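Before any comments, here is the structure.
Counting convention: from 1, in listed order, for ligands and their atoms alike. Just so it is clear, the structure is predicted and the values come from calculations on it, not from any experiment.
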Amino acid sequence: MAIPDPALVVLVGASGSGKSTWAAQRYRPAEVVSSDGLRGVVGSGPADLDASTDAFAVLEAVVSARVGRRLTTVVDTLGFDTTRRRSWLTAARAAGLPAVAVVVTAPTAVCRQRNAARDRPVPAKVLAQQLRQLDVARADLAAEGWDDVVVVDTADTATAPSIEQPS
Ligand code: ATP
Ligand code: MG
């Protein structure tokens, strides 16, 4: 299925599921607002968790400004917080921008394997907790009122959705 453009696109997925890779393959860097990236801007690096509060404050400001201008905005966070998701959706609705949630999944073993190969792997316990949070989020998404909920399995490239070209 095609994701509209412009749109608000909110990514939802565990560490190592492939969210940032998926976004980078489809969107321009300025369209992707990443909590990890902003930790690197306002903190010492993407993994500087002490910088999370400041990073999310900047993220909210960027999302609000871009969505208010009806610019395509891809929110690259874990996406597990229903309150944040609902507030981004409300902002998109107010701006008349289509709003799509993209659930990025990979089999647990693939997430573990990709995660283990990274610079700072998320501990196995944290990843297991994230996968439980993902199940809760997936159940909640249906009731939140998204224009579409797209599920991308990054271990299965055949299901990659296309993006509509602006007319
Ligand atoms: P985080 O939540 O920690 O930011 P993420 O969901 O953004 O994680 P990525 O950084 O996109 O995950 O990907 C994690 C690793 O998995 C990277 O090493 C990346 O190269 C690999 N990867 C991502 N998508 C794919 C894919 N479709 N096929 C093969 N490898 C992939
Ligand atoms: Mg990422």
Side-chain angles (χ1 to χ4, degrees), residues 1-3 5 7-63 66-67 72-85 87-88 99-141 144 146 148-163:
M1 87 120 250
I3 295 175
D5 196 58
L8 168 72
V9 178
V10 172
L11 304 182
V12 179
S15 289
S17 60
K19 300 180 297 296
S20 301
T21 303
W22 183 88
Q25 286 168 346
R26 288 162 184 80
Y27 294 95
R28 291 185 290 111
E31 294 174 325
V32 182
V33 189
S34 147
S35 49
D36 281 351
L38 290 171
R39 278 189 197 98
V41 171
V42 301
S44 61
D48 184 357
L49 295 182
D50 291 340
S52 287
T53 302
D54 285 341
F56 270 92
V58 177
L59 180 139
E60 295 294 354
V62 174
V63 171
R66 290 189 62 85
V67 167
T72 286
T73 307
V74 182
V75 188
D76 181 6
T77 70
L78 292 172
F80 295 152
D81 185 335
T82 181
T83 307
R84 284 189 195 278
R85 285 197 309 266
S87 104
W88 298 327
V100 175
V102 175
V103 177
V104 181
T105 66
T108 304
V110 173
C111 276
R112 284 208 191 96
Q113 198 177 28
R114 286 182 188 164
N115 191 46
R118 298 172 89 184
D119 278 357
R120 280 188 204 77
V122 170
K125 262 172 115 171
V126 174
L127 186 60
Q129 188 194 3
Q130 288 183 4
L131 293 170
R132 287 194 295 275
Q133 289 176 292
L134 176 64
D135 286 341
V136 174
R138 288 184 75 162
D140 288 346
L141 283 169
E144 291 174 6
W146 297 88
D148 202 356
V149 177
V150 176
V151 180
V152 175
D153 184 342
T154 58
D156 174 12
T157 48
T159 60
S162 61
I163 294 165

- Task: Supply the atom-to-atom distance Leu131 CG to Ser15 OG, rounded to the nearest 0.5 angstrom.
- Result: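 Reported value, rounded in 0.5 Å steps: 9.0 Å.
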- Query: Can Asp5 and Thr72 be counted as having a side-chain donor-acceptor contact under 3.5 angstrom?
  - Reply: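 Indeed, the side chains of Asp5 and Thr72 share at least one donor-acceptor pair under 3.5 Å.
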- Query: Can you find an N/O atom of Ser20 closer than 3.5 Å to an N/O atom of ligand 1?
  - Reply: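 N/O-N/O distance below 3.5 Å exists for this pair.
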- Item | Matching residue for Glu144 among Arg138, Arg84, Arg85 - test: salt bridge (Lys or Arg N to Asp or Glu O under 4.0 Å) |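 Exactly one pass, corresponding to Arg85.
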- Query: Charged N to carboxylate O below 4.0 Å: is that the case for Asp36 and Arg39?
  - Reply: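 Looking at Asp36 and Arg39, the cut-off is met.
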- Message: Could you check whether Arg26 pairs with Glu31 (Lys NZ or Arg NE/NH1/NH2 to Asp/Glu carboxylate O, under 4.0 Å)?
- Response: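 No, Arg26 and Glu31 are not salt-bridged.
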- Using a cut-off of 6.0 Å, state whether more than 12 heavy atoms not belonging to Asp135 lie near its atom CG.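 For Asp135, atom CG is crowded (more than 12 foreign heavy atoms under 6.0 Å).
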- Query: For ligand 1, is Gly16 a contact, meaning one of its heavy atoms is under 4.0 Å away?
  - Reply: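 Checking ligand 1 against Gly16, which is what was asked, there is a heavy-atom contact under 4.0 Å.
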- Message: Tell me whether Ala14 reaches ligand 1 (any heavy atom closer than 4.0 angstrom to a ligand atom).
- Response: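 Yes, that is the case, since the closest heavy atom of the residue is under 4.0 Å from the ligand.
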- Nearest-option assignment for atom 10 (O) of ligand 1, heavy atoms, candidates Lys19, Arg118, Arg120: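 Closest candidate by heavy-atom distance is Arg118.
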- Query: Which is closest to atom 11 (O) of ligand 1 by heavy-atom distance: Thr21, Val104, Val12?
  - Reply: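 Ranked by closest heavy atom to atom 11 (O) of ligand 1, first place is Thr21.
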- Item | Candidates Val151, Val102, Leu134, Val104 - the one meeting side chain to side chain contact (heavy atoms under 4.5 Å, CB included) with Val12 |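 Testing each of Val151, Val102, Leu134, Val104 against Val12, the sole residue satisfying side chain to side chain contact (heavy atoms under 4.5 Å, CB included) is Leu134.
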Subset of ligand 1 atoms that lie under 4.0 Å from at least one heavy atom of [X]:
| X | answer |
| --- | --- |
| Asp36 | 4 (O) |
| Thr154 | 26 (C), 27 (N), 28 (N) |
| Gly18 | 5 (P), 6 (O), 9 (P), 11 (O), 12 (O), 13 (O), 23 (C), 24 (N) |

- Message: Quick check on the Mg ion (ligand 2): does Ser20 put an N/O/S atom closer than 2.8 Å to it?
- Response: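 Of the N, O and S atoms in Ser20, at least one lies under 2.8 Å from the Mg ion (ligand 2), which means yes.
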